[in-house]
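Every chain is numbered from 1 and lettered A, B, ... according to where its sequence line falls, protein lines coming before strand lines.
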Amino acid sequence: MSESTIAPQHGQGAAAPAQPGDLNDQLIASDFWTDQMLAEAGIPIIDVPFVTVGGGIGSFVMADYLRISGVPTNSIRVLTPLKTPWESYEYLTTVSQVPRKERLRSDSQSRPDNIWGFPSYALSEGLHGNIKMLWNVLVEPIFANYYTPKAGVVFEGIEREMYRIRYPEMVVHGQVRMVRRRVGGGYFTILTPPEGAAPTKRIAYRSQWVHVAIGYPGLKYLDDLQNYRSTYNDYKVVNAYESHEHLYEKLALKPGIVLIRGGGIVASRVLQRLIDDRDAKGLQTQIIHLFRTYTDKPHGPGIFKRRKGADGWAYQGFNYPKSVWGGQLKAQVRKSEGAERAKLYKEMGGTNTPFRRNWLEQLSRGRREGWYRVMIGEITSMKPVGELVEVGLNTDQGPQVGTVDFVLDCTGLEADIREHRVLADLLDHSGVGRNPVGRLDVERSFELRGAQNGGKIYAVGSATLGGYFPGVDTFYGLQIACVEVLDDLVRQGFTKKIGPGRSTSQWLKWMRNKTI
Amino acid sequence: MAADSALAPASSTGPAPTTVPPFDQVSVAIAPGDDLIVRMPGILLVVGVEATPAPPAAPAPKLGGWGAAPVKAPAAAPVGDTKVGELVALCRRVSAAGSRAPGRRLHDELRAWLPTVSDLPSFALAAATEEGLAVALVGEGVAEVPDLGLRLTPADGERLQDGTRILDRLVDWPPAPLRLSAGGPLDMAPHPLADLESGVVPGAAAVLSPAVAPAPTPMPDAPSPTALVRLPSPSSLLPPPGVPAQPVAVAPTPVAPPPVAHDHDHAHPHEHAVPEQAAAPQAEEAPAPPPVELPPPAFASSLLAPPEEEAPREPLPVLDREQPPAALIEQEPEDTRPKVKGFLCSRGHLNDPRVLFCNLCGIRMAERTGVFIEGVRPPLGLLVFDNGATVSLDMDYLLGREPETDDRVTSGQLRPLLVVDQTGGVSRHHAEIRLEGWDVVLVDIGSANGTLVAPPGAPAWQSLVPNQPVRLVPGMAVRMGSRQFAFESPHGAT
């Protein structure tokens, strides 16, 4: 885990003279590059058969599979700005109130640090003394809530596996600028190392396969939050996906009112934190919960596709109905194309949150005692008034104005894939298209359709949502995607298939934590 | 009275359509009948005439008021019309007062006037407000939207002293025709082309239809005949010289047929009284001032008017992705706010190079290759004090018991932050908080009792070495004397 390369020093000359080895106009404009063009621009070329871009959990899982199948570390490069594979994930879970000690709220029926999925998180936890969890997975979801592991356990597992497969040897820090096709086959991936880390401004990785695991293009705070922030430079209006610890601290010192917006999984977690604090410290926090869509009863397009709902929330165990993993929905989506697939995604989509008894009890207590109130509508205006925020609401009971201590926005949207520079470049210059849902169009093997060039570009993760397999942005989804990629690579002769013998021997190594 | 002369122009040759409130653009069709319908800018009034007690002296012609001798009518002007006259004068006064949405004011004036009169005539009144309509119904007055089955009557309103029922309400513009009537018999639907732009006509009901009246052709000479129509003023009964004696029939557009078709036996004072006393004195004593353009309404929502056409605008300049941030940074060259070098997110917001997501918009920062750009530094975080006060860190602070006595505070270099401590553990100048690059740094400047810090999760306090800066990380607690505060940063850099 290096931390020196990522954080650039302050006070360095920003207007440094043009460094050698930068992109030139001809390169930027060309869809296909020759080795000669890069040589003329002074960009050094490094050869490696397989490059994965992103460096998050998607890249990690791919590298894990390849290493276990026998690919040596010098055949793989992970190009990433992240210090660790879980850095980005941990940041988001921590700020959204799932620190290492808390249980994750999303699906984790597989584990990214163990391609076999055995022993599972629940079994591990049970073997380590928490027998209750074994009982839990046996009777869920009828008699118990779905089991999910603690965030810290996931990160520690990844860390252990990271050293076992010698992942740090494969990592190159920097920002990936673009991936372009090479004349004569293969691809160039342009990396910008941190300032001062390399003699040239850019480095080109020449590879036959590129694996794009960039993940979420980003969050997108709502425009009114952005406007408020830029107009007033004030942090009384915060998004749940940014650090907002000051909110809890202030509420612990002074009674206050919080307006929560959004009805998703993050809202449920933030509410739990607020009410936990309230209970533990005897606070007088008042909560107003603003729903835009209020779900008061089970809903869905058909009797077999219904989703529970009550009190404004739409309940679902995980992001996706269970049948996307192996049930009829998986088969249905795999066969669908175009508008039909978009429709299927729309049906299973929508904001939802897992049904968890503890916070539902908290909310009903809040409703009963009057400190948790629900409104339906939208915010029309926000402005700071002294220590408070004046919020204008357009509710189903007409326009209203009130003052609150904090507005906590749990409605982060995902940005368009075009907002990511690498993905936009793929769309513009590599013949990649969009799928019916608007993300990257991938084949069933997760190969980017239209980008074949004597090699393949693969993409996994949420940038490919809307493909033949739903649920791509979960741990299990990433593993399924990486298995498909691995199978495709085996067909092309890059690596050997993980047969029963190799699988068993590798699993034994995993169990003994033996470095490979 | 501006409206005396500007009455007709206000609706017929008014200013550009953008400033004409929707109420005056709505077409008003008249259903034939015996009551009186008055329209003026912003106000539509249907007042029942037969409900007023006609004096028994008035010779009631057996059939069709036209047959009666015209000279008799003025003499027979019923007493009850005094109130109608007062009502109309009141409306006219409010309408002329200049507001395009006189509804609320009319409502107030009406409220003041009603207790002063007894034995009110039935009437239904609609006036424009800024959001919708003010409707007042008295006696038999009815407002209804037949297409939607909506109906307002005074029955569910309040009762005045003399027992008359009154209802006044603020309502939304209905999306279908609104019919006002004063309880008179409604024998015939209004002619589809009938449209009263302004003036006074007889009729049983007025229908405000959501269809906007076609733009009237401006009349080059003089106001339209209806402009000169004056309602009977109680004081003047003289016919105006030079005013045509049949203004009622001379509606600008096809209006309800004259009420001859009715077989009714009551007096028709309005038919005669109206023209003959019409506004003689006023018209003479007020030599038409130039039409006063009324101020545009504060807000005019028009469900009924067609969408206004905007003037064509120049297309926005086409910029490539690199330009907007540069423009943001360079817009204020003489800006003296502290600058800092950071990365721009793909939407052009300046950020700490270490953060993963943009502090302002949430986009992932890994999208632009790291090029340092100098820009105005955003606040780097907050101090949350133990009494709940928060301080946004947008510049350097001096903390202490009397921070304002420091030279650097008086010179404006530092901002004072008073830390009140009853135990006396806080020095006059205790510590400084400096913003260095993207870091927030705490320095104990030789305080008597020292400063303690505790990083998040730390088991114990650590004492600061005087004059040795310590970088604050989010969640860090700081203690001076008996006071304590925490540093929090939404930037999330640790």
Side-chain angles (χ1 to χ4, degrees), chain A residues 6-8 10-16 54 80-82 87-88 91-92 94-95 174-177 192 194-195 201-202 214-221 225-226 229-230 233-236 238-239 241-247 249-254 256 387 412-413 415 419-422 424, chain B residues 321 328 340-343 345-347 349 352-374 376-379 381-390 392-394 436-439 456-457 474-475 477 484-494:
Chain A
I6 181 66
H10 296 306
Q12 274 183 345
T80 177
L82 303 177
E87 184 186 0
S88 181
Y91 169 78
L92 289 174
T94 306
V95 295
Q175 303 264 6
V176 170
R177 172 69 177 80
T192 313
E195 264 182 87
K201 178 136 190 238
R202 320 269 186 186
I214 281 170
Y216 283 82
L219 305 167
K220 184 175 185 295
Y221 300 162
L225 184 136
Q226 290 189 41
R229 179 71 52 82
S230 55
N233 257 333
D234 183 75
Y235 292 108
K236 290 193 282 284
V238 288
N239 190 284
Y241 274 120
E242 63 183 333
S243 173
H244 56 278
E245 199 63 25
H246 62 281
L247 182 154
E249 273 178 21
K250 181 158 179 186
L251 290 172
L253 298 164
K254 220 174 179 179
E387 287 259 298
L413 305 170
E419 301 232 28
H420 199 293
R421 214 176 192 184
V422 174
Chain B
R321 278 173 73 85
L328 274 177
V340 68
K341 283 179 184 141
F343 289 171
C345 80
S346 61
R347 300 186 182 115
H349 306 126
D352 188 331
R354 293 162 295 186
V355 300
L356 294 168
F357 294 89
C358 173
N359 187 38
L360 193 70
C361 65
I363 194 77
R364 199 182 275 271
M365 287 299 293
E367 296 176 18
R368 270 177 180 268
T369 39
V371 179
F372 278 108
I373 302 234
E374 189 170 70
V376 174
R377 177 167 54 203
L382 300 159
L383 302 183
V384 184
F385 276 83
D386 46 9
N387 59 358
T390 50
S392 179
L393 295 176
D394 49 355
E436 294 182 354
W438 292 93
D439 289 338
Q484 188 176 328
F485 62 85
F487 170 72
E488 290 299 342
S489 171
H491 290 259
T494 51

Which heavy atom in [X] sits nearest to a heavy atom in [Y], and how many Å separate them?
X: A:Tyr235; Y: B:Leu382; value: CB-CD1, 4.1 Å
X: B:Ala486; Y: A:Glu249; value: CB-OE1, 3.1 Å
X: A:Gln226; Y: B:His349; value: OE1-CE1, 3.9 Å
X: A:Glu387; Y: B:Ala389; value: OE1-CA, 4.3 Å

To the nearest 0.5 Å, tell me how far [X] [atom1] sits from [Y] [atom2].
X: B:Ser489; Y: A:Glu245; atom1: OG; atom2: CD; result: 12.0 Å
X: B:Cys358; Y: A:Arg229; atom1: SG; atom2: CZ; result: 9.5 Å
X: B:Thr390; Y: A:Asp234; atom1: OG1; atom2: CG; result: 8.0 Å

Practice item. Answer whether the closest heavy-atom distance between the side chains of A:Leu92 and B:Phe357 falls below 4.5 Å. Key: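 They are in side-chain contact.
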Check your understanding: So what's closer than 4.5 Å to chain B heavy atoms on A:His246: side chain, backbone, both or neither?
Key ->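 Both parts, backbone and side chain.
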Exercise for review: Kindly write out the residues that satisfy side chain to side chain donor-acceptor pair (under 3.5 Å) with B:Asp394, not counting sequence neighbours, or none if the list is empty.
Suggested key: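 With neighbours one apart ignored, the set is B:Arg415.
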**Study point:** Heavy-atom proximity to chain A below 4.5 Å, by part of B:Phe385
**Key:**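 Answer is backbone: N, CA, C or O of B:Phe385 sit under 4.5 Å from chain A.
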Review point. Looking at B:Leu360, B:Asp386, B:Val384, B:Leu383, which makes the most heavy-atom pairs under 4.5 Å with chain A?
Key: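 Option with the greatest count: B:Leu360.
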